[in-house]
Amino acid sequence: MEINLYDKNGYAVAYIADDREHSIYTWDGHAMCYLVNDMVYGWNGLHLGWFVNGVVYDVNGYKVGFIKETCPVLTKLPRLKSLKFLKKLKNLRKLPYIRPWLKFGLSNILLSDFIRQGEN
């Protein structure tokens, strides 16, 4: 089952696919990131952050995205998803950041921009 990811304003902008890689797609169907345990990696190999207990955190430990149950605001009804594009080849993963203390505050980065950091 795919898991929608919401931004801090309650809009669904990405989703985690139910594939082997736990790919994270933009709403328009592009695979940009994927999960390795609790780490979020970009298709370009960069370590972007963490996915812990339904919250996406940036590398500084601030909240950048949420599943419906953890979103701090009322979520909006998602629009229809686009068809998935073919995945590009992934780059080798870079070394991960050391996980900071996870904070209660929101990141200045929008979820859509956070995910696009992983573009190959």
Side-chain angles (χ1 to χ4, degrees):
M1 186 170 106
E2 295 178 340
I3 301 169
N4 293 341
L5 294 174
Y6 296 83
D7 65 11
K8 61 186 172 185
N9 298 313
Y11 291 100
V13 298
Y15 60 94
I16 302 170
D18 55 355
D19 58 14
R20 289 182 328 179
E21 298 167 312
H22 302 289
S23 304
I24 299 176
Y25 283 84
T26 59
W27 213 256
D28 58 358
H30 296 278
M32 298 284 177
C33 305
Y34 60 98
L35 299 177
V36 176
N37 301 318
D38 66 345
M39 293 180 280
V40 179
Y41 272 94
W43 230 252
N44 56 13
L46 296 178
H47 178 225
L48 303 176
W50 293 268
F51 181 65
V52 179
N53 297 326
V55 178
V56 178
Y57 293 90
D58 65 18
V59 293
N60 297 311
Y62 289 101
K63 297 176 180 181
V64 69
F66 312 88
I67 63 171
K68 185 174 185 166
E69 293 78 14
T70 61
C71 194
V73 298
L74 189 61
T75 57
K76 281 60 169 187
L77 187 63
R79 54 184 168 59
L80 291 177
K81 295 176 190 161
S82 295
L83 294 175
K84 293 178 187 170
F85 287 87
L86 289 176
K87 295 179 188 176
K88 296 179 182 178
L89 291 176
K90 287 191 274 185
N91 288 356
L92 292 175
R93 287 195 304 258
K94 310 289 190 273
L95 289 175
Y97 289 95
I98 295 173
R99 187 165 137 183
W101 291 103
L102 301 178
K103 301 169 179 73
F104 290 109
L106 298 174
S107 176
N108 291 329
I109 302 169
L110 297 173
L111 179 59
S112 56
D113 294 338
F114 173 84
I115 288 171
R116 292 215 183 268
Q117 291 178 78
E119 188 169 17
N120 195 358

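Side-chain atoms are counted along with the backbone in the values below, which use heavy atoms only and exclude waters and symmetry mates.
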Asn4 side chain reached by Tyr11 side chain, heavy atoms, under 4.5 Å: no

Donor-acceptor pair, side chain of Asn44 and main chain of Asn91, under 3.5 angstrom: no

Heavy-atom side-chain proximity of Arg99 to Asp38 below 4.5 angstrom: yes

Near-ring test Tyr6/Phe66, centroid separation under 6.0 angstrom: no

Donor-acceptor pair, side chain of His22 and main chain of Ile24, under 3.5 angstrom: no

Hydrophobic cluster membership, Leu111 vs Ile67, 4.5 Å side-chain cutoff: yes

Residue pair Lys94 / Tyr41: nearest heavy atoms and the distance that separates them: O-OH, 3.2 Å

Reported CG-to-CH2 distance for the pair Asn37 and Trp50, which is rounded to 0.5 angstrom: 13.0 Å

Within 45° cone of Tyr57 ring axis and under 6.0 Å: Lys103 NZ or CZ: no

Lys76 atom NZ, over 12 foreign heavy atoms within 6.0 Å: yes

Euclidean distance, Ser112 OG relative to Leu5 CG, rounded to 0.5 Å: 12.0 Å

Nearest heavy-atom neighbours spanning Ala17 and Glu2: CA-CG, 4.0 Å

Pi-cation contact, Tyr34 with Lys90 (under 6.0 Å, within 45°): yes

Student check: side-chain heavy atoms of Asp58 and Leu48 closer than 4.5 Å: no

Reported SG-to-CE distance for the pair Cys33 and Met39, which is rounded to 0.5 angstrom: 13.5 Å

Spacing of Leu86 atom CG and Leu83 atom CG [to the nearest 0.5 Å]: 11.0 Å

Note, Arg116 side chain near Thr26 side chain (heavy atom, < 4.5 Å): yes

Atom pair CG (Asp7) and CD1 (Ile109), whose distance is rounded to the nearest 0.5 Å: 13.5 Å

Hphob cluster co-occupancy, Val52 + Leu35, side-chain heavy atoms under 4.5 angstrom: no

Side-chain touch Arg93/Val36, heavy atoms, less than 4.5 angstrom: yes

Validation row: Glu69, Thr75 side chains within 4.5 angstrom (heavy atoms): no

Proximity of His30 and Trp27 rings by center, below 6.0 Å: no

Verify same cluster id: Val40, Tyr15 (apolar side-chain graph, 4.5 Å): no

Distance-only side-chain donor-acceptor flag, Asp28 / Ser82, under 3.5 Å: no

Non-hydrogen atoms of Cys71 and Gly10 that approach each other most closely: SG-CA, 4.0 Å

Side-chain heavy atoms of Asn9 within contact of Val73, under 4.5 Å: no

Cluster link Leu110 to Ile16, ILVMFWY, side chain under 4.5 Å: no

Residue pair Ser23 / Lys87, side-chain donor-acceptor N/O under 3.5 Å: yes

Same cluster (ILVMFWY, side-chain, under 4.5 Å), Trp43 and Phe51: no

Short side-chain to backbone donor-acceptor contact, Lys63 and Leu102, under 3.5 Å: no

Crowding at CG, Asp18 (>12 non-hydrogen neighbours, <6.0 Å): yes

His47 side chain to Tyr97 backbone, donor-acceptor under 3.5 Å: yes

Met32 side chain near Gln117 side chain, heavy-atom distance below 4.5 Å: no

Any donor-acceptor N/O pair, Asn60 side chain to Tyr62 backbone, under 3.5 Å: no

